[in-house]
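Down below is the structure, laid out as structure tokens.
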Amino acid sequence: MACDMDLIMEVAKKHKIFVIEDAAQAVDSYYINSLGEKKALGSIGHFAAFSFHETKNIISGEGGMLVINDDKFLKRAEIIWEKGTNRSAFFRGDIDKYGWVDIGSSFLPSETISAFLFAQLENIDIIQDRRKIIWNLYKEGLKVIEDINLIRVQNLPTNSISNSHMFYIICRSLDTRDNLINYLISKNIHTVFHYQSLHKS
């Protein structure tokens, strides 16, 4: 789900702060800005990072994607991506030889991983439609329990279009959560609680 990106970008501009969107789980999620425009998460800040880990909607096993939304960072990002060299500039004919000019590493996925990922991107609508059906089944099926105040279920903010990556519930207490997890495990239903928020980690 989207944060209030209008507010975040306004604060960042005022204080000259770069915004890096943690879009790890946000493929095919959107923010509705104050003008009513739909913007893909990962396209708003100066940078964004997506994950293609096996637990995400679109996967390659491991790996991810850096998005650069400010042209002034492109040249250095290309060098870091090219193991710290200006090799791409050499192949474009911009320079007559290449060498190491900065830090870098080997961030390139293999062609096999890329093909696996590309096939999923080609079928993103099918994948996403199925996830949305499942998300809505949870929402409808758990309403009766929410109505008697045993749990709270996820609600989407009006400025957000979700990719249905995750459906969560909020229990009334830690004991309730642990008992529920143990009960579901006894019925062979896999469920987890998630990592703590960043400010508590």
Side-chain angles (χ1 to χ4, degrees), residues 1-82 102-109 113-114 116-118 120-121 124-125 127-128 130-132 134-135 138-139 152-170 177 190-201:
M1 293 183 290
C3 300
D4 185 344
M5 293 305 296
D6 285 341
L7 179 60
I8 290 170
M9 296 308 292
E10 181 183 314
V11 170
K13 184 176 182 181
K14 179 180 176 182
H15 296 284
K16 297 183 171 126
I17 299 169
F18 295 122
V19 174
I20 304 169
E21 290 182 71
D22 177 359
Q25 302 167 340
V27 168
D28 201 38
S29 288
Y30 298 87
Y31 172 67
I32 310 298
N33 70 15
S34 58
L35 302 174
E37 300 165 326
K38 179 175 142 181
K39 296 198 168 204
L41 294 186
S43 70
I44 304 164
H46 299 89
F47 301 92
F50 287 87
S51 171
F52 301 125
H53 182 265
E54 65 182 19
T55 60
K56 305 302 187 274
N57 291 23
I58 303 297
I59 68 170
S60 64
E62 273 291 356
M65 174 175 66
L66 173 67
V67 175
I68 300 169
N69 296 316
D70 189 326
D71 289 350
K72 70 182 170 193
F73 299 112
L74 288 175
K75 184 176 179 183
R76 183 157 191 238
E78 180 181 77
I79 288 168
I80 293 169
W81 176 69
E82 281 283 15
D102 202 341
I103 62 170
S105 190
S106 183
F107 296 110
L108 304 172
I113 288 172
S114 298
F116 186 82
L117 180 63
F118 184 68
Q120 289 183 58
L121 291 171
I124 192 167
D125 290 337
I127 293 167
Q128 293 301 96
R130 178 73 179 133
R131 293 189 80 94
K132 288 172 186 170
I134 293 168
W135 194 96
Y138 278 121
K139 179 84 170 166
R152 279 191 300 145
V153 300
Q154 182 175 353
N155 287 307
L156 295 176
T158 56
N159 68 350
S160 186
I161 298 172
S162 174
N163 65 359
S164 304
H165 170 71
M166 184 184 303
F167 188 92
Y168 65 83
I169 64 169
I170 300 170
R177 182 199 72 186
H190 177 71
T191 189
V192 296
F193 60 90
H194 228 302
Y195 50 79
Q196 296 188 77
S197 54
L198 287 176
H199 74 286
K200 291 182 179 177
S201 294

Any donor-acceptor N/O pair, Arg131 side chain to His165 backbone, under 3.5 Å: yes
Can you establish whether the number of heavy atoms outside Lys56 located under 6.0 Å from its atom NZ is more than 12? yes
Residue pair Leu66 / Trp81, side-chain heavy-atom distance below 4.5 Å: no
Does Lys132 have more than 12 heavy atoms from other residues, nucleotides or ligands lying within 6.0 Å of its NZ? yes
In terms of ring plane angle, is the pair Trp135 and Phe167 parallel, tilted or perpendicular, where the classes change at 30° and 60°? perpendicular
Short side-chain to backbone donor-acceptor contact, Ser51 and His53, under 3.5 Å: yes
Might you point out which heavy atoms bring Ile58 and Gln120 nearest each other, and give the distance in Å? CA-OE1, 3.6 Å
Among Ile59, Leu41, Ile124, the one residue meeting side-chain contact (heavy atoms from CB on, under 4.5 Å) with Val27: Ile124
So, Asp71 side chain and Phe73 main chain: donor-acceptor pair closer than 3.5 Å or not? no
Give a yes or no on whether the backbone of Ala2 and the side-chain of Ser160 come within a donor-acceptor separation of less than 3.5 Å. yes
Backbone of Asn163 reached by a side-chain donor or acceptor of Asn57 within 3.5 Å: yes
Is there side-chain contact between Gln154 and Met166, with heavy atoms separated by less than 4.5 Å? no
CG of Leu7 to CG of Asn33: how many Å apart, nearest 0.5 Å? 13.0 Å
From Asn159 CG over to Lys39 NZ, what is the distance, rounded to the nearest 0.5 angstrom? 13.5 Å
Can you tell me how far apart CG (Asp22) and CZ (Phe47) are? Round to the nearest 0.5 Å. 14.5 Å
Over all atoms of both residues, closest heavy-atom pair of Ser60 and Ile113: CB-CG2, 3.5 Å
Minimum heavy-atom separation for Ile8 to Cys3, with atom names? CD1-CB, 3.7 Å
Please name all residues satisfying side chain to side chain donor-acceptor pair (under 3.5 Å) with Ser34, sequence neighbours left out, ordered by chain then number. Asp6
Step through the shown structure and confirm whether more than 12 heavy atoms of other residues, nucleotides or ligands are within 6.0 Å of OH on Tyr168. yes
OG of Ser43 to CE of Met5, rounded to nearest 0.5 Å, is 8.5 Å
Quick one: OG1 on Thr191 to CD1 on Ile169, what's the gap to the nearest 0.5 Å? 7.0 Å
Strictly distance-based, threshold 3.5 Å: is any side-chain N or O of Glu21 a donor or acceptor partner for the main-chain N or O of Ala48? no
Within 45° of the six-membered ring axis of Tyr30 and under 6.0 Å from that ring's centre, is NZ or CZ of Lys38 located there? yes
Can you check whether Glu62 reaches Phe52 side chain to side chain, under 4.5 Å on heavy atoms? no
Would you compute the distance between atom CD1 of Ile127 and atom CG of Asp28 and round it to the nearest 0.5 angstrom? 10.0 Å
Would you say His46's side chain and Phe18's backbone share a donor-acceptor pair under 3.5 angstrom? no
